[in-house]
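One structure is given below, encoded as structure tokens.
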Amino acid sequence: MEYQYLLVDPETQPHVAVVRLNRPKELNALNRRVMEELVHAMQVLERDGTTRCIVLTGNERAFAAGADIKEMAGMGTVDMLTIDQFARWDALKRIKIPIIAAVSGFALGGGCELSMLCDMIVASETAQFGQPEIKIGVIPGAGGTQRLTRAIGKARAMELVLTGKFITAQEAFAAGLVTRIAPPELFLQEALKLADEVAQMSPLAVRLAKEAVLQAFEQPLEAGLHFERKNFYMLFASEDQKEGMNAFVEKRPPEWQGR
Ligand code: HXC
């Protein structure tokens, strides 16, 4: 697939790919084409067998200012149903490799939701997060009411969703939405550093760990614990478990095989 709105570097550093939203004039507004390309790029990276962590970023001014309002303005319910754009969001949710959102500038509406669909968010000090859909007569549609509420709690999520106000990177960090903040010239480096830390772990264990953490949002505690235990047991069938534990005992760095 030829990308019109993405720049993809499959190996910015060993085992780490960078996917950059590249629709700068429209502040990376997520039209259907962008979403289609994003799913394609993520799936290709997932299948290449080399990538262990993906950094998703935008530009300095915007990670993404939301779904494309101009594209949606004339649509009716039937159009929305027929287009089924959430199929693309669902496909992104199924990517098993960890994805780190490196956010500078606006992460609004669908842009904020996209960052929250990622597994971690590293923010530039300039980042602003918000769900301003209420100001254009709708509500968040790609997980904002759910993921934001789980991330920062009901009171703060309710305020953002009902008023459309933005929060700063510092506020997002204090609220637990963001994992690290860095100055504008360093936030991407910081995200790459984090990606490198993840990429140095057993890719198999990372995959099962991501899956297990995400279950915390899907299951009651007992079922989540059960899920975690199964993944834990499963790893004892892997070469990486033997390698990791033997390497510890032998006081040497592990060499992961990913199996
Ligand atoms: C389409 C957008 C856009 C968007 C910005 N642009 N956001 N186009 N969809 N979401 C375009 C503008 O129309 C403008 O193009 C150009 O980008 C620059 O934006 P400006 O408004 O001139 O910039 P500025 O004054 O700095 O304001 C920045 C802003 C504002 C505060 C981010 O653009 C804004 O409020 N954008 C909309 C944010 C929003 O409501 N997002 C939620 C969308 S709904 P032109 O050609 O006019 O110069 C949503 C639902 C998700 O996301 C549901 C799941 C799919």
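Looking at heavy atoms from C-beta onward, Leu148 lies out of side-chain contact with Phe129 at the 4.5 angstrom threshold. The shortest side-chain heavy-atom distance between Leu235 and Leu204 falls under the 4.5 Å cut-off. Using a 4.5 Å heavy-atom cutoff, the side chains of Thr57 and Phe187 are in contact. You'll find the side chain of Leu6 reaches within 4.5 Å of the side chain of Leu38, heavy atoms only. No side-chain heavy atom of Glu11 sits less than 4.5 Å from a side-chain heavy atom of Val16. Annotation: side chain of Tyr3 is in contact with side chain of His40 (closest heavy-atom distance under 4.5 Å). Residues Asp119 and Val198 fail the side-chain proximity criterion, which asks for heavy atoms closer than 4.5 Å. The shortest distance between side-chain heavy atoms of Val8 and Val44 does not fall below 4.5 Å.
Other residues, nucleotides and ligands contribute at most 12 non-hydrogen atoms within 6.0 Å of the CD atom of Glu60. Within a 6.0 Å sphere centred on NZ of Lys242, heavy atoms belonging to other residues, nucleotides or ligands number more than 12. Annotation for Lys193: atom NZ does not count as buried by contact number, only 12 or fewer foreign heavy atoms lying within 6.0 Å. Annotation for Glu250: atom CD counts as buried by contact number, over 12 foreign heavy atoms lying within 6.0 Å. Around CD of Glu185, the count of heavy atoms belonging to other residues, nucleotides or ligands within 6.0 Å exceeds 12.
Side-chain atoms of Glu71 come within 3.5 Å of backbone N or O of Arg32 as a donor-acceptor pair. For Glu239 (side chain) and Arg259 (main-chain N/O), no donor-acceptor pair under 3.5 Å exists by modelled atom type. Within the 3.5 Å criterion, the main-chain N or O of Ala142 finds a donor-acceptor partner in the side chain of Glu113. A donor-acceptor pair under 3.5 Å is absent between the side-chain atoms of Glu133 and the main chain of Val138, judged by distance alone. Checking side-chain atoms of Arg23 against main-chain N and O of Ala29 turns up a donor-acceptor pair under 3.5 Å. Here the side chain of Asp79 pairs a donor or acceptor atom with the backbone of Gly76 at under 3.5 angstrom. In terms of modelled atom types and a separation under 3.5 Å, the side chain of Gln200 and the main chain of Glu197 share no donor-acceptor contact. A distance-only check finds no donor-acceptor pair linking the side chain of Asn31 to the backbone of Asp68 [under 3.5 Å]. Side-chain atoms of Asn231 come within 3.5 Å of backbone atoms of Leu208 as a donor-acceptor pair (strictly under, hydrogens ignored).
Taking all atoms of both residues into account, the shortest heavy-atom contact from Ile181 to Ala169 is CD1-O, 3.5 Å. Nearest approach of Pro184 to Thr126, heavy atoms of both residues: CG-CG2, 3.8 Å. Minimum heavy-atom separation, Met42 to Ile95: CB-CD1, 3.6 Å. Shown here for Ala17 and Thr51, the closest heavy-atom pair between the two residues is CB-CG2, 3.9 Å. Nearest heavy-atom pair, Phe63 versus Leu21, reported as atom, atom and distance to 0.1 Å: O-CD1, 3.4 Å. Across all their heavy atoms, Ala102 and Ala191 have their closest contact at CB-CB, 3.7 Å.
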Run the salt bridge (Lys or Arg N to Asp or Glu O under 4.0 Å) check on Glu159 and Arg156 step by step: do they pass? CA-CA 5 Å; Glu159 184 176 348; Arg156 281 177 289 199; over 6 Å; no

Evaluate side chain to side chain contact (heavy atoms under 4.5 Å, CB included) for Leu30 paired with Leu114, printing each intermediate quantity in order. CA-CA 10 Å; Leu30 304 166; Leu114 182 61; 4.1 Å; yes

Go through it in stages, so that I can follow the logic: the residues are Glu211 and Phe227, the test is side chain to side chain contact (heavy atoms under 4.5 Å, CB included), and I'd like the CA-CA distance, side-chain angles, deciding distance and then a yes or no. CA-CA 9 Å; Glu211 197 183 64; Phe227 190 96; 3.6 Å; yes

Determine whether Leu92 and Met35 satisfy the following criterion, side chain to side chain contact (heavy atoms under 4.5 Å, CB included), listing intermediate values before the conclusion. CA-CA 9 Å; Leu92 288 180; Met35 293 306 296; 3.7 Å; yes

Just do the salt bridge (Lys or Arg N to Asp or Glu O under 4.0 Å) check on Glu37 and Arg88 with the steps written out, would you? CA-CA 10 Å; Glu37 292 184 6; Arg88 297 183 186 101; over 6 Å; no

Would Asp48 and Leu45 count as a side chain to side chain contact (heavy atoms under 4.5 Å, CB included) here? Give the steps. CA-CA 5 Å; Asp48 74 11; Leu45 290 168; 4.0 Å; yes

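Ion pairing between a basic and an acidic side chain is recognised when a charged N comes within 4.0 Å of a carboxylate O; Arg33 and Glu26 show no such pairing.
Evaluated for a side-chain contact (heavy atoms from CB on, under 4.5 Å) with Pro203, the options Lys96, Arg52, Gln257 yield exactly one hit, Arg52.
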